[in-house]
Amino acid sequence: MKKQHLQKIEDYLWEIPRSYNANMHVPARVYALEGLIDAISSDRSLDQLVNVATLPGIMKASMVMPDAHEGYGFPIGGVAATQYPDGVISPGGIGYDINCGVRLMVSKMRYEDVADRMEDLSKELYKQIPSGVGKGGMIQLNRKAMEDVLIKGAEWAVDKGMGSLEDLEHIENHGCLKEADPATVSDKAKQRGLDQLGTIGAGNHFVEIDVVDQIFHEEAAGAFGLQKGNLAVLIHTGSRGLGHQVATDYIRLMVNAMPKYEYKPPDRELACVPFSSEEGQQYFKAMCAAANFAWCNRQVISWEVCKAWENVFGSYSDCPKLLYDVAHNIAKIEEYTFNGKMEKVIVHRKGATRAFGADFEELPRAFRHIGQPVLIPGSMGTESYVLVGTNKSLELTFGSSCHGAGRRMSRRAAKRQVNAPGLQEQLKKQGIFVTAGSFKGIAEEAPVAYKDVNLVVETVHRAGIALKVAKLKPKAVIKG
Amino acid sequence: MDRTTLLIDFLSELLTLAYTEKAIFCYVHIEKMSETQINAIVSGALVDGFEEDVKAVTYHEANVQKNETGNWETIVIVDI
């Protein structure tokens, strides 16, 4: 689709009207400053956004955030809410990596006091946190323990001494979706997850040591415990092979079940069924279970970070504390106001982060009056952001914001263009230690392959759906 | 179920086996194939690790069709 099909509504908002395609039930909206529109319209993400607007039961608009790029069926950066309970649920609107997400731990340690230890710390983190394709971790679950993880989520790890009860308050949904039912998760999926707790995997997943570089919102930064010059740890990973298998299993089930509901989507990856149907309910319960696995995974990784911290800085050093953990590939039942009336909807976030504002009860007391932390990792070697959600996001974007910088170049193109050993050396000269399983992984995740995270964050800030709190700069990156 | 769904299902099954068995498959001997069923014997080798993390075999752009030479053809995109 070409840029001229977009109608400018605001500096940060564009619309493709319903008249563009007779099958659209709602308009399609793009949250992006003009500087990002060329990149967004250069792939098929806008065509995919139009396809999403044809989903049965979709409410208000199909939307993409400024980090939008082409996905499978749904665009990445997409938000779609469907009517509860008979609108559709689509695994493609959540993604293959269910509850891929980000967590940030903050330390009281100042970077300037330990700058010379960054290389040691990155090596120790690489040792403690298994990474890479199909790599198993130190925890081997049996079938009973797997069921418990799928039901309890992050709490399972805390029960085993990996973290504190306070940590749970600092996780979206307290690290557990209650609707999870392990019986809806296939044996194959469970088997793939048995040795994967505490592992980051490959692709764009990472653990990163950052320094708080700039504060934009003093009050929020204070409530979040972010202080300029202090260290922080950013973790990005999801539900690993277990989640991938759940998505595969249910896309197959839905492709075969769709004729029953007389729905033929424009793309099989948009396979979907009514949420209230038997298949819809099964998928939702399995997705919740996979989401719980992901939260448990990130909780275990935090514990591994603490072990590395202790090994490098000594047993009397305080481990960084969990600030917050957000999911950015997930579906939730949430309530919004339509024509003055509260209604439940099924919100799909695929590469989009929940961004709820102040006075949301689930938030910990320390920042309930401020709003939910929204964590936006930049590309490898560039800055990341901490934002705060707003109540305006509830009005505009079903309480959602962006999730990262957003790819602008395919992995293959990046591999052709980037000299990975050279990039690693160049980053080292800038004081950023990158430890990776392969040069290929470094090339694929090179900053040149991503959009400018500053423009992405500027968009959501100006739109008022999430506000800038702090900028983080990387010092050490561990990846698969 | 059509040919496209069947092929993607078959490849997804192989991907699952690759991860659960920690193996790669180099040879496929198809014993029986219909519109709705593939019976095959696959063989390969156990491996220590994989170079690429393939999350899933997707239906994106997949469309099994006969080309002008009479052979079957499709694009298959995997999520990495």
Side-chain angles (χ1 to χ4, degrees), chain A residues 44 48 70-74 91-92 95-98 100 131-136 186-196 200-205 238-249 251-252 254-256 259 265 267-271 410-412 437-438 440-441 444 480, chain B residues 1-26 28 33-66 72-80:
Chain A
R44 286 175 292 185
Q48 294 182 330
E70 187 178 335
Y72 309 105
F74 277 72
Y96 283 99
D97 194 358
I98 296 167
C100 185
S131 61
V133 186
K135 282 279 161 61
S186 70
D187 286 343
K188 282 183 225 164
K190 288 171 185 161
Q191 196 182 338
R192 283 180 70 174
L194 288 177
D195 65 351
Q196 290 191 325
I200 54 175
N204 60 355
H205 294 159
S239 50
R240 312 283 286 109
L242 181 137
H244 307 163
Q245 189 66 42
V246 167
T248 297
D249 290 342
I251 290 175
R252 171 177 13 199
M254 288 191 189
V255 163
N256 291 321
D267 184 327
R268 280 174 215 252
E269 289 286 321
L270 291 175
S410 72
R411 287 186 162 94
R412 184 194 280 196
S438 69
K440 185 173 70 65
E444 287 176 352
Chain B
M1 170 77 79
D2 59 13
R3 286 192 185 94
T4 303
T5 316
L6 182 64
L7 177 70
I8 301 301
D9 273 6
F10 179 67
L11 294 174
S12 293
E13 189 65 26
L14 286 183
L15 182 66
T16 303
L17 282 169
Y19 283 123
T20 53
E21 304 298 322
K22 304 241 180 325
I24 53 162
F25 304 111
C26 318
V28 181
M33 182 159 61
S34 69
E35 285 275 310
T36 56
Q37 198 180 355
I38 298 180
N39 286 12
I41 293 177
V42 296
S43 52
L46 298 175
V47 291
D48 292 331
F50 304 94
E51 204 173 290
E52 196 70 72
D53 194 7
V54 179
K55 288 181 191 159
V57 183
T58 78
Y59 294 91
H60 193 58
E61 292 193 19
N63 188 15
V64 175
Q65 278 184 321
K66 230 174 203 173
W72 296 96
E73 192 177 281
T74 183
I75 291 172
V76 175
I77 295 179
V78 297
D79 187 7
I80 56 172

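Source: prediction; values computed, not measured. In what follows, chains are A, B, ... by sequence order, proteins preceding strands, each numbered from 1.
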Residue from B:Ile80, B:Ile8, B:Thr4, B:Leu17 scoring the most non-hydrogen pairs under 4.5 Å with chain A is B:Ile80

Among B:Asp2, B:Thr16, B:Thr5, the residue with the most heavy-atom pairs under 4.5 Å to chain A is B:Thr16

Under 3.5 Å, side chain of [X] to main-chain N/O of [Y], donor-acceptor pair present?
X        : Y        : result
B:Thr58  : B:Ile77  : yes
B:Asp9   : A:Arg252 : no
A:Glu269 : A:Gly92  : no

Looking at the rings of B:Phe50 and B:Tyr19, which for Trp means the six-membered one, are their centres under 6.0 Å apart?
yes

Whatever's closer than 4.5 Å to a heavy atom in chain B on A:Ser438 counts as neither

